[in-house]
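Remember, it's a predicted structure, so these values are computed and weren't measured experimentally. Reminder, nothing fancy here: chain letters follow the sequence lines and each chain counts from 1.
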Number of protein chains: 2
Amino acid sequence: MAEEQNAQDFTEDGDEGKRPLTRIQKVNRGKILEAALEVFSAHGFRGATLDQIAAEAGLSKPNVLYYFPSKEAIHEALLAGLLDIWLAPLRKMDPEGEPREEIMRYMRRKLEMSREMPRESRLFANEVLQGAPRIGAGLSTDLKTLVDEKAAVIDTWIAQGRLAPVDPHHLIFSIWALTQHYADFDVQVRAVLGPGKDPIEGAAPFLELLFTRLLTP
Amino acid sequence: MAEEQNAQDFTEDGDEGKRPLTRIQKVNRGKILEAALEVFSAHGFRGATLDQIAAEAGLSKPNVLYYFPSKEAIHEALLAGLLDIWLAPLRKMDPEGEPREEIMRYMRRKLEMSREMPRESRLFANEVLQGAPRIGAGLSTDLKTLVDEKAAVIDTWIAQGRLAPVDPHHLIFSIWALTQHYADFDVQVRAVLGPGKDPIEGAAPFLELLFTRLLTP
DNA sequence: GAACAGTTTGACCAATCGGTCAGGGTCACG
DNA sequence: CGTGACCCTGACCGATTGGTCAAACTGTTC
């Protein structure tokens, strides 16, 4: 195997890894990540090829490898920020807010993300489906911590009688499942509904009704 | 080892292809399909290799190709019956039955399938996630027909006032999303809940509550 | 405009993958 | 126990894939 590790590498230096980041670097890294999101989300990690990514980015394969040390590194770079982006709406859930409105707002924001960021959703789904080999750690640490924390908030709300008594963990799962379904299974949903309307447009009022009925004491 | 009686001795070829199917053939085809289900569901079509399947089945690669003409053919053989198996519970939904009980029964059966056939669920999810390149046709024909038919039944029930008014298509989607989530995103669910209990055990009462609240007029 | 860092590429490589093939082993049955 | 159909395998092949490399090109700065 190639054991040669380029010691003088990229941003992973813990200390002063100050790198001015050329204009061309910024542009091309962006193009690569955008192309990689397109290809990885459509074919999975194993199903995507560097040639596809390079073509999609409008660069040559060696040029892509000039900006990222490996295919794996591109994938990691994509997943790196994804978990945070993905959980940002949940983080915003305010313990001081009105319980039902807070949960509904979270659900709406997640549904909106399924419409506006379906590729990110599918990238994530691909990763989890195959056992989360590359972000498994983040799931049982960051993710679990955040969910447990918000579940505690929900339990408080329930104890105060401001919310119908439901299992808070499964409530959060249900929001994930119901919203991401429209991004991840888009082809199936569209095949069933037939051509024309945006599926999420019909989903929105349904989910409003569903969660209102579920959460009203 | 997992000894699953893959009762799928398929004698297709409406033509003259009526070989009696040797005992060894039955056994080895079963071993290959079982192994392929394991590997395809875990890594996707592109991510799975014939060597993996052969190793999992305890056969040599050329031997695997003796029973199936190609990797593609193995995958197709798996998907062939899957859509039917997958939709069987929906087919059983009885227009003459008690509306809420019929829908609850369907939901329960789907949840049960997530527990007992998670690999099939993930195989299906993998296929749909990547645009359903191999069963796309079946989605907009068989699947759409069945769902439209059952949606009409649900609409009738609603018109009779025996069910709360909800969009029947999205109701069916919600059952799919909520139940399959526990199979497809198993790693994530377990990471969040922590080790120990079976996630589906906790999901069952939650889903009972959710759909009861949603469907009661 | 020299000089050097940063950028790009064609040619190439080793590994892996799906699949083939000739030949040999094994089973069932008369 | 012979024989033909069925079963199995090691060796091999062409294509694809992730990745390397030397050399050439470009942009920027003094």
In terms of side-chain heavy atoms of [X], which of [options] is nearest?
{"X": "B:Tyr67", "options": "D:dC8, C:dT8, D:dG18", "result": "D:dC8"}
{"X": "B:Pro62", "options": "D:dA11, D:dG19, C:dT7", "result": "D:dA11"}
{"X": "A:Thr49", "options": "D:dT20, D:dT17, D:dT9", "result": "D:dT17"}
{"X": "B:Ile24", "options": "D:dG19, C:dT8, D:dC7", "result": "D:dC7"}
{"X": "A:Lys61", "options": "D:dG19, C:dG18, C:dT20", "result": "D:dG19"}

If you compare every side-chain N and O of [X] against the phosphate oxygens of [N] (OP1, OP2), does one of them come in below 4.0 Å?
{"X": "A:Arg46", "N": "C:dC17", "answer": "yes"}
{"X": "A:Ser70", "N": "D:dG18", "answer": "no"}
{"X": "A:Asn63", "N": "C:dT7", "answer": "no"}
{"X": "B:Asn28", "N": "D:dC8", "answer": "yes"}
{"X": "A:Tyr66", "N": "C:dT7", "answer": "yes"}
{"X": "B:Arg23", "N": "D:dC7", "answer": "no"}
{"X": "B:Gln25", "N": "D:dC6", "answer": "no"}

Check the orientation of B:Tyr182 and A:Phe173. Use parallel for under 30°, tilted for 30 to 60°, and perpendicular for over 60°.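 Rings of B:Tyr182 and A:Phe173: perpendicular, over 60°.
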
Going by the angle between their ring planes, with limits at 30° and 60°, are B:His75 and B:Phe40 parallel, tilted or perpendicular?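 Because their plane-to-plane angle is over 60°, the rings of B:His75 and B:Phe40 count as perpendicular.
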
Figure out the [atom1]/[atom2] separation between [X] and [N], and round it to whole Å.
{"X": "B:Ile32", "N": "C:dG19", "atom1": "CD1", "atom2": "P", "answer": "13 Å"}
{"X": "B:Phe68", "N": "C:dG18", "atom1": "CZ", "atom2": "C1'", "answer": "16 Å"}
{"X": "A:Leu59", "N": "C:dG10", "atom1": "CG", "atom2": "P", "answer": "12 Å"}
{"X": "B:Gln52", "N": "C:dC17", "atom1": "CD", "atom2": "P", "answer": "8 Å"}
{"X": "B:Asp51", "N": "C:dA15", "atom1": "CG", "atom2": "C1'", "answer": "12 Å"}
{"X": "A:Phe40", "N": "D:dT17", "atom1": "CZ", "atom2": "C1'", "answer": "13 Å"}
{"X": "B:Ile53", "N": "C:dT16", "atom1": "CD1", "atom2": "C1'", "answer": "15 Å"}
{"X": "B:Glu72", "N": "C:dG19", "atom1": "CD", "atom2": "P", "answer": "8 Å"}

Any donor-acceptor pair under 3.5 Å linking the side chain of B:Ser174 with the backbone of B:Leu171?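 Here the side-chain-to-backbone pair exists.
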
Classify the side chain of A:Lys71 and the base of D:dG19 as holding, or not holding, a donor-acceptor pair under 3.5 Å.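 A donor-acceptor contact between them is absent.
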
N-O pairing of B:Lys31 and B:Glu34 below 4.0 Å: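 Salt bridge between B:Lys31 and B:Glu34, a charged N being under 4.0 Å from a carboxylate O: no.
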
If you look at every strand shown and take non-hydrogen atoms under 4.0 Å, does B:Leu65 touch a base, only sugar-phosphate, or nothing?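 Base: the residue B:Leu65, judged by heavy atoms under 4.0 Å, touches a nucleobase.
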
Classify the nucleic acid contact of A:Ala48 as base, sugar-phosphate or nothing, counting any heavy atom under 4.0 Å across all strands shown.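 Sugar-phosphate: the residue A:Ala48, judged by heavy atoms under 4.0 Å, touches backbone atoms but no base.
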
Cation-pi check for A:Phe45 against A:Lys71: NZ or CZ below 6.0 Å from the six-membered ring centre and within 45 degrees of the axis, yes or no?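 A:Lys71 over A:Phe45 ring: yes.
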
For the pair A:Asp186 and A:His181, evaluate side-chain hydrogen bond (donor to acceptor under 3.5 Å, both in side chains) and give the outcome as yes or no after the intermediate values. CA-CA 7 Å; A:Asp186 181 71; A:His181 184 82; over 6 Å; no

